[in-house]
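Data first, discussion second: the structure below is written as structure tokens.
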Amino acid sequence: MSTTPCIAFQGPSNLDGYNRKRRPSQQTANIPRTFVDAMEVREQVFVEEQGVPQDNEFDSDDTRACHWVVYAAENPMEPGQIEAAGSTIKDDIKLKPIGTIRLVPFPHAPHPEPGSSYTFDADEIESSEPPHFIIDRPTTYHDGREPYIKLGRLAVAKEYRGAGIAKLLAHTAMAWAQQNSIFFNASSKVIDSNTGKFPVWKGLMCVHAQEQVSKAWEKWGFKLDEEMGSWEEEGIKHLGMFKRFDVGNVKPMFG
Ligand SMILES: CC(C)(COP(=O)(O)OP(=O)(O)OC[C@H]1O[C@@H](n2cnc3c(N)ncnc32)[C@H](O)[C@@H]1OP(=O)(O)O)[C@@H](O)C(=O)NCCC(=O)NCCS
């Protein structure tokens, strides 16, 4: 089976009608294809492999987030068959979603309390509005006030791990954020109650890292925020990490 990865982007989109009780492949046609594919990977990894309840995988941040999906272009034929088939092989190539990541703009709910344990209530998730700006508790890398963006839901299908797919996703999302830094200011519909103005992203990015993956995030430039401490989400230990980007001299890719 031959594979070549390619990557797709899905900006914030209307996901009204996404039914969390149905599998991604059973969603209605108005849900963007790239998002459905992201959910295919997330369900495979977080729900089936890690045991997160299916109802809790989709949340209110999905609508306002940017999503990336990596696909493997798979030809179901063996190399010998490909040669024999000649020019007809293009018709047999299928794009299979194998990895995903999302980037959530500000504002965010308060930092989790150290030592706490969260299980998400699907009904609460369904009805929840995006959070408002707050003054959060200060931590090692966050003063509690600065608007930050949050990378998360990083998942790679089991059989494709160890090939740099997560690294590709993380670096693609980080580069996009740096090159489109004003996107986040423009997409926020909420005035920062700390300043009374529309918020400005100054380059701070957060991740709530599963503990066993924190070394990978460190390789990608994130630092452990000691004062955020650790907490459990759906029974999985998480740590807070931050990375600062220089967004001063970067020209936006659009506009
Ligand atoms: C974590 C996960 C996304 C990594 O995907 P992957 O495609 O295998 O990762 P990559 O091949 O891109 O690895 C990138 C680097 O991270 C390192 N790495 C990957 N997973 C790691 C882990 N669990 N612990 C420590 N280092 C890890 C690799 O060694 C590699 O280092 P290198 O660049 O020096 O070679 C994947 O294992 C997964 O989906 N796990 C289950 C879901 C999960 O835990 N998500 C993370 C939530 S924070």
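Since this is a predicted model, take the numbers as computed values, not measurements.
Looking at every heavy atom in both residues, L169 comes nearest to T100 through CD1-N, 3.4 Å. Between P107 and P131, the closest heavy-atom pair is CG-O, 3.0 Å. Annotation for L103 and A173: closest pair CD2-O, 4.2 Å, computed over non-hydrogen atoms. Nearest heavy-atom pair, A8 versus T34, reported as atom, atom and distance to 0.1 Å: CB-CG2, 4.0 Å. Looking at every heavy atom in both residues, C206 comes nearest to F222 through C-CE2, 4.2 Å. The minimum heavy-atom distance linking W201 with S181 is given by the pair CE3-CB, 3.5 Å.
Interatomic distance, CD of Q10 versus CG of D37, reported as 10.0 Å (0.5 Å rounding). From Q44, atom CD reaches atom CD of Q50 across 12.0 Å, with rounding to the nearest 0.5 Å. Note that CD of Q54 and CZ of R20 are 10.0 Å apart. Values are rounded to the nearest 0.5 Å. Here the straight-line distance linking atom NE2 of H208 with atom CH2 of W217 works out to 11.5 Å at 0.5 Å rounding. With rounding to the nearest 0.5 Å, the separation of CZ in R42 from CD in E57 is 4.5 Å. For the atom pair R102 CZ and F35 CZ, the distance stands at 8.0 Å (nearest 0.5 Å).
Within a 6.0 Å sphere centred on CZ of R137, other residues, nucleotides and ligands contribute more than 12 heavy atoms. Counting non-hydrogen atoms of neighbouring residues, nucleotides and ligands closer than 6.0 angstrom, the CZ atom of R244 exceeds 12 such neighbours. More than 12 non-hydrogen atoms from other residues, nucleotides or ligands lie less than 6.0 angstrom from NE2 of H171. No more than 12 heavy atoms of other residues, nucleotides or ligands shown are found within 6.0 angstrom of CD on E226.
In this structure, the side chains of T139 and F242 come closer than 4.5 Å at one or more pairs of heavy atoms. Counting heavy atoms from C-beta outward, R23 and E40 have side chains that approach closer than 4.5 Å. Counting heavy atoms from C-beta outward, I134 and P110 have side chains that approach closer than 4.5 Å. When side chains are defined from C-beta on, F106 does not count as touching Y148, because their heavy atoms never get closer than 4.5 Å. Contact annotation: the side chain of K167 never approaches that of K219 to less than 4.5 Å [non-hydrogen atoms, C-beta and beyond]. For the pair Y118 and E232, the minimum side-chain heavy-atom distance is 4.5 Å or more. Looking at V69 and P97, their side chains come closer than 4.5 Å, going by heavy atoms from C-beta outward. Using a 4.5 Å heavy-atom threshold, the side chains of H142 and L204 count as touching.
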Practice problem: Please assess I98 against V156 for the test side chain to side chain contact (heavy atoms under 4.5 Å, CB included), listing each intermediate value before the final yes or no. | Solution: CA-CA 6 Å; I98 59 166; V156 173; 5.6 Å; no

Quiz item: Please walk me through it: do N56 and E234 pass side-chain hydrogen bond (donor to acceptor under 3.5 Å, both in side chains)?
Solution: CA-CA 9 Å; N56 299 0; E234 305 289 353; 3.0 Å; yes

Exercise. Could you walk me through whether E159 and K96 pass the salt bridge (charged side-chain N to carboxylate O under 4.0 Å, His left out) test, one step at a time?
Key: CA-CA 12 Å; E159 60 273 35; K96 179 180 169 188; 3.4 Å; yes

Practice problem: Evaluate the side chain to side chain contact (heavy atoms under 4.5 Å, CB included) criterion for residues V36 and M39: first the C-alpha distance (whole Å), next the side-chain angles of each, then the deciding distance (0.1 Å), finally the verdict. | Solution: CA-CA 5 Å; V36 170; M39 290 303 289; 5.7 Å; no

Quiz prompt | CA sep, side-chain torsions, deciding dist, call: D136, R145, salt bridge (charged side-chain N to carboxylate O under 4.0 Å, His left out) | solution = CA-CA 6 Å; D136 211 340; R145 293 167 181 263; over 6 Å; no

Practice problem: Take M205 and K150, measure what side chain to side chain contact (heavy atoms under 4.5 Å, CB included) needs, and give me the verdict at the end. | Solution: CA-CA 6 Å; M205 189 183 278; K150 196 168 128 193; over 6 Å; no

Practice problem: Evaluate the criterion side chain to side chain contact (heavy atoms under 4.5 Å, CB included) for residue pair M241 and S214; output intermediate values, then yes/no. | Solution: CA-CA 8 Å; M241 302 179 86; S214 60; 3.9 Å; yes

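E43 has no carboxylate O lying under 4.0 Å from a charged side-chain N of R153, or vice versa, which leaves the two without a salt bridge.
In the hydrophobic clustering of ILVMFWY residues, with side-chain heavy atoms under 4.5 Å counting as a link, L151 and I165 come out together. Both M174 and W68 belong to a common hydrophobic cluster when Ile, Leu, Val, Met, Phe, Trp and Tyr are linked at side-chain heavy-atom distances under 4.5 angstrom. V213 and V45 fall into different hydrophobic clusters, where Ile, Leu, Val, Met, Phe, Trp and Tyr are joined by side-chain heavy atoms under 4.5 Å apart, directly or via other members. Under the 4.5 Å side-chain heavy-atom criterion for Ile, Leu, Val, Met, Phe, Trp and Tyr, I101 and L239 are members of the same hydrophobic cluster. When hydrophobic clusters are built by joining Ile, Leu, Val, Met, Phe, Trp and Tyr residues whose side-chain heavy atoms come closer than 4.5 Å, directly or via intermediates, F184 is grouped together with F245.
D225 contributes a side-chain N or O that, together with a main-chain N or O of Y141, makes up a donor-acceptor pair within less than 3.5 Å. Judged purely by atom type and a 3.5 angstrom limit, T172 uses its side chain to pair as donor or acceptor with the backbone of L168.
For the 3.5 Å distance criterion, the side chains of E233 and W231 qualify, holding a donor opposite an acceptor.
Looking at I31, D62, T63 one by one, the single match for side chain to side chain contact (heavy atoms under 4.5 Å, CB included) with Y18 turns out to be I31.
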